[in-house]
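Only one structure is covered here, and it is reproduced in the block below.
Within every chain, numbering begins at 1; the chains are lettered A, B, ... in the order of the sequence lines, protein sequences first and strands thereafter. Computation of the quantities below employed the complete heavy-atom set of this structure, encompassing side-chain atoms and omitting hydrogens, waters and symmetry-equivalent molecules.
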Amino acid sequence: GAVVSQHPSRVICKSGTSVKIECRSLDFQATTMFWYRQFPKQSLMLMATSNEGSKATYEQGVEKDKFLINHASLTLSTLTVTSAHPEDSSFYICSASKTGGINTDTQYFGPGTRLTVL
Amino acid sequence: DQQVKQNSPSLSVQEGRISILNCDYTNSMFDYFLWYKKYPAEGPTFLISISSIKDKNEDGRFTVFLNKSAKHLSLHIVPSQPGDSAVYFCAASPIQGAQKLVFGQGTRLTINP
């Protein structure tokens, strides 16, 4: 199988603080990881694509200084929401790809992290 | 601008009958389409895909139909089972292997015993 975990599953923080979310591929090496966010009753929106050892590629409209992504190893990527505000409250979900782009359907998703900013 | 749309937020179907989930897209550059299934507190899992050179792909109880001229695809599940109750997302990609997926809003399918 191909299992992707996320930690924490749920986090509540105060406005102005930073929150780090971890995404791990448990039984495979992920050359590429993706970060999505989902607002209630809306679709998953791709925020950024990260490749191990290089800078993440952010989608249009996503602030790279606000959402820091680090993909330091082939099994771990982190998303840090800096100086979080209530409008950042959302469901953040990561996915990981084994092959780095050959087959689109080899994206394996984590269970998601529910962030609530008070 | 919602490039991939699932206009039905929910669908309820009797066990054993056919479930039909619909998806429309606006970007003619989309070339590859996928369906994902999501249970609560879990990540989406890949179900079935179709490339634009085909109009049908079948895998067991699941069949995806693509109508390029109408920019419409549908997922048929037959016969529907209680374990099929989940949220179903359609997704599109400009080219197969591009990996940048654009998702629809999802449709919650409930299979009634």
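Residues that satisfy the side-chain contact (heavy atoms from CB on, under 4.5 Å) test with A:Lys64, not counting sequence neighbours, are A:Tyr58. Among residues two or more places apart in sequence or in another chain, the side chain to side chain donor-acceptor pair (under 3.5 Å) test is passed with B:Asn57 by none. In terms of the salt bridge (Lys or Arg N to Asp or Glu O under 4.0 Å) criterion, A:Arg37 has no residue partners (sequence neighbours excluded).
Scanning both residues, B:Pro44 and A:Gly110, for their nearest heavy atoms gives CD-O, 4.4 Å. The two residues B:Gly104 and A:Ser43 have their closest heavy-atom pair at O-CB, 2.7 Å.
Under a hydrophobic-cluster definition in which Ile, Leu, Val, Met, Phe, Trp and Tyr are linked whenever side-chain heavy atoms come within less than 4.5 Å, directly or via other members, B:Tyr88 and B:Tyr25 are assigned to the same cluster. A:Met33 and A:Val4 end up in different hydrophobic clusters when Ile, Leu, Val, Met, Phe, Trp and Tyr side chains are linked at under 4.5 Å. Note on A:Trp35: it does not cluster hydrophobically with A:Leu46, by side-chain heavy-atom contacts below 4.5 Å among ILVMFWY residues.
Residue A:Gln6: no heavy atom, backbone or side chain, is found under 4.5 Å from chain B. Neither the backbone nor the side chain of B:Pro9 comes within contact range of chain A; no heavy atom of the residue lies under 4.5 Å from a heavy atom of that chain.
Near-neighbour residues of residues 78-93 of chain A relative to chain B, defined by a heavy atom under 4.5 Å from a heavy atom of that chain, comprise A:Phe91, A:Ile93.
Atom CZ of B:Arg108 sits in a sparse spot, with 12 or fewer heavy atoms from other residues, nucleotides or ligands closer than 6.0 Å. No more than 12 heavy atoms of other residues, nucleotides or ligands lie within 6.0 Å of NZ in A:Lys20, so this atom counts as exposed by the packing criterion. Within a 6.0 Å sphere centred on NE2 of B:His72, other residues, nucleotides and ligands contribute more than 12 heavy atoms.
Contact of the A:Leu44 side chain with the B:Tyr36 side chain is not registered, since no non-hydrogen atoms from C-beta on lie closer than 4.5 Å.
Atom CG in B:Leu101 sits 4.5 Å away from atom OH in A:Tyr36 (nearest 0.5 Å).
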